[in-house]
Amino acid sequence: MITKLLVANRGEIARRVFATCRALGVATVAVHSDADADAPFVADADQAVRLPGNTPAETYLRIDLILDAARRAGADAVHPGYGFLAENAEFAAAVTDAGLTWVGPSAKAIAAMGDKMAAKALLADAGVPMLPTWTDPGQVTDFPVLVKASAGGGGRGMRIVRDAAGLAEAVAGARREAAAAFGDGTVFIERYVERGRHVEVQIFGDTHGTVVALGVRDCSIQRRHQKIVEEAPGVLPDDVRTRLHEAAVAAGRAVDYVGAGTVEFLLAPDGQVHFLEMNTRLQVEHPVTELTTGLDLVRLQLLVAEGEPLPVTTTPVPDGHAIEVRLCAEDPAQGFRPATGTLHRFAIPGVSAEFGPTRGLRLDSGVVDGSTVSVHYDSMLAKLVAWAPTRTEAARALAGALARAELHGVATNRDLLVRVLRSGEFAAVDVDTGFLDRHPEVFDPLLPAGRLPLAALAAALSGAAARRAGARVLAGLPSGWRNVPAVAQVTRFTGPDGAEIEIRYRLDRNGRLAEWGRKGPLLTPEVEEGPPVNTGPAPDPAQVELVSAVPERVVLDVDGVRRTFRVHRVGSSVFVDGPDGAASLTELPRLPRPTAELAAGSLLAPLPGAVTRVHVEVGQRVAAGDLLLTLEAMKLEHPVLAPADGVVAELPVPAGGQVETGAVLAVVDPEEDPQ
């Protein structure tokens, strides 16, 4: 019997395992890096052991340190979570050799499926259809292809290559990224299927010979080859579902599989099924299976590890529909690069449960208010999952909760997820792995550009209310009261895209909004006669009346429709959540301080990281789009490209150098237009 379990992982998966352990009465142990010392998962555990260092290689990938932590804390079992060492056969063997219970498949099974090329050969012999695969780039003649990491998943190391010219660089980049993420840079090359659907079967095995399929998930909507929306049951023809179940169970039996595993397939447009890989661990998307089957998969993992038979031996009939999204710290204004910073507020309305199979709206989160999102680990903040009797209801509930969430301090992919869930193509199950490439409209922010000034007006009125609330002299006067009432108040912000927004407004002697506008003539709530008399941008057409304004809430009547804006201020940062979407603003000082001017053509680091390679030299002529250098951050490589034709003037950071956000990576002197 397991009495004390160490989880050799971090973030939301550690919290997920701890939640089941609490329900079962199993004591828990966390291990943590220095960067994670104050993380929520550490607080959730009964005990915690520090792994000195910050990077995965220094901490969560150190088998010796984790085994020592288990010994020091008195743990009798180890759960690997997912990622890091979860699919490392050496780790599984080391845990067993140390006399501890390993919560997972045998080291032999992990090794068999971990070598993806050997796994393909094994299952091909069992009759499972395979895609053409190569290990030698020189042998590839059939394009497009997909370069994949052999030792891990999660999209790490994947590259689509459409012609021979880009293959060598793609293989080299995939090897570096795989080595950074999994400690193993081995890659292989596989035929890429256009418009394929990524579907997978959750399997479970026990030590008594039972291997059962628990249903099919559809994980087709992906970005950078990482799943962002997953659902169960996958909407498939019955015959395809049956074939998937049979192939997945055959794969498990071929390696005497024990524990939770996932067999992944590519469903081609012609209905053909192709084996991709088997993940010998619990998957990120396991909650959708839990919500449609009513099973706690972590509980099953612990029971099987203790030698108990599975309580379920046949595929359960799914009840209702569940959809999960991965909420990630990513900046849409920077091409969805991973983002860092402090989460000043993380609030999602309507959550009925955390980390458990309770139906409704479920949140599995690795963060809380005040959490720091660092550069050392991947960008996933949380998984939000909705269960409902039908797929349509689940999508609507999930999109609504996301749209109303207050996510302040770190940019996220929330708007993208909402637009995907509300799209007609998603509703029609017209999905495949190229969905986002074909639908660029889902990358638009929820807040229309024309509504941003209203959010900025709410921010300005909120700020004025906050100042009046804290006033000690003449506190009874309305905000902005002047002897000359025609003079407007002016508040300046920078918006999400860095552009400046100037809000001008005037309150009358009773505190009502008399006029407002932005960088132009004021607009009266009644009727403005005559054309504007300046050359600035035209005022917004909305007729606005102020209903109420307090520091954290502003209500405006806009063209006869009352709208409520929630406002949260942290220093100069102002976060506005309204009925049309959210805006993150920065209030500018009335008298800005002088700052050093950057050289023209400066390229700045979008986030902290390390320069892994420099591809050019000072004085070299480059064309727009040429690769200048590669920045590695949050387990991903970020290419830095020349913004225009020109000459490289400066390369201040050598290969191997560490940089902070905003550091100058390169300076390219643009070529002057001969015209």
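Quick caveat: nothing in here was measured; it's all calculated off a predicted structure.
The line from CD1 of Ile221 to CD of Gln226 is 15.0 Å long, rounded to the nearest 0.5 Å. A distance of 10.5 Å separates CG of Leu122 from CG of Asp115, quoted to the nearest 0.5 Å. Rounding to the nearest 0.5 Å places CZ of Arg175 at 11.0 Å from CG of Asp184.
One finds no salt bridge joining Glu354 and Arg16 here, because no Lys/Arg side-chain nitrogen approaches an Asp/Glu carboxylate oxygen to under 4.0 Å. In summary, Glu277 and Lys120 do not engage in a salt bridge, as defined by a charged side-chain N under 4.0 Å from a carboxylate O. Lys227 and Glu264 are joined by a salt bridge, as a carboxylate oxygen and a charged side-chain nitrogen come within less than 4.0 angstrom of each other. Under a 4.0 Å N-O distance rule, the pair Arg217/Glu230 does not qualify as a salt bridge.
In this structure, Ser352 contributes its side chain and Leu361 its backbone to a donor-acceptor pair below 3.5 Å. Proximity of a side-chain donor or acceptor of Arg224 to a complementary backbone N or O of Phe336 within less than 3.5 Å is detected. Within the 3.5 Å criterion, the main-chain N or O of His376 finds a donor-acceptor partner in the side chain of Ser374. For the pair Asn279 (side chain) and Arg281 (backbone), a donor-acceptor distance under 3.5 Å is absent. No donor-acceptor pair closer than 3.5 Å links the side chain of Arg62 to the backbone N or O of Ala57. Between the side chain of Asp206 and the backbone N or O of Val304 there is no donor-acceptor pair closer than 3.5 Å. Between the side chain of Asp76 and the backbone N or O of Lys4 there is at least one donor-acceptor pair closer than 3.5 Å. Listed for the Arg326 side chain is no donor-acceptor partner under 3.5 Å among the backbone atoms of Val229. In this structure, the side chain of Glu330 does not engage the main chain of Ala411 through any donor-acceptor pair within 3.5 Å. With hydrogens and angles disregarded, no donor-acceptor distance shorter than 3.5 Å links the side chain of Thr292 to the backbone of His321.
Taking 4.5 Å as the limit, some side-chain heavy atom of Lys148 sits within range of a side-chain heavy atom of Leu276. Annotation: side chain of Val249 is not in contact with side chain of Val201 (no heavy-atom distance under 4.5 Å). With contacts defined as side-chain heavy-atom distances shorter than 4.5 Å, the pair Leu327/Phe346 qualifies. At least one side-chain heavy atom of Glu177 sits under 4.5 Å from a side-chain heavy atom of Arg159. Counting heavy atoms from C-beta outward, Val385 and Val288 have side chains that approach closer than 4.5 Å. With contacts defined as side-chain heavy-atom distances shorter than 4.5 Å, the pair Met130/His274 does not qualify. Side-chain contact between Leu295 and Glu290 is absent, with no heavy-atom pair separated by less than 4.5 Å. For the pair Val147 and Val187, the minimum side-chain heavy-atom distance is below 4.5 Å.
More than 12 non-hydrogen atoms from other residues, nucleotides or ligands lie less than 6.0 angstrom from CG of Asp34. In Arg345, the CZ atom is crowded: over 12 heavy atoms of neighbouring residues, nucleotides or ligands sit closer than 6.0 Å. More than 12 heavy atoms of other residues, nucleotides or ligands shown are found within 6.0 angstrom of CD on Gln334.
In this structure, Tyr60 and Phe84 have parallel ring planes: the angle between them is below the 30° cut-off, well short of the 60° mark.
Applying the side-chain hydrogen bond (donor to acceptor under 3.5 Å, both in side chains) test to every pair with at least one member in residues 363-372, sequence neighbours left out, gives these pairs: Arg362-Asp364.
Inspection of the Ser33 and Asn54 side chains reveals no N or O donor paired with an N or O acceptor under 3.5 Å. For the residue pair Thr28 and Asp46, a side-chain donor N or O sits within less than 3.5 Å of a side-chain acceptor on the partner. A donor-acceptor contact under 3.5 angstrom links the side chains of His79 and Gln301, judged on distance only.
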Name each donor-acceptor pair under 3.5 Å that joins a side chain in residues 95-112 to protein atoms two or more places apart or in another chain, with its distance.
residue : atom : partner : partner atom : Å
Thr96   : OG1  : Ala92   : O            : 3.1
Trp102  : NE1  : Pro105  : O            : 2.7
Ser106  : OG   : Ala109  : N            : 3.1

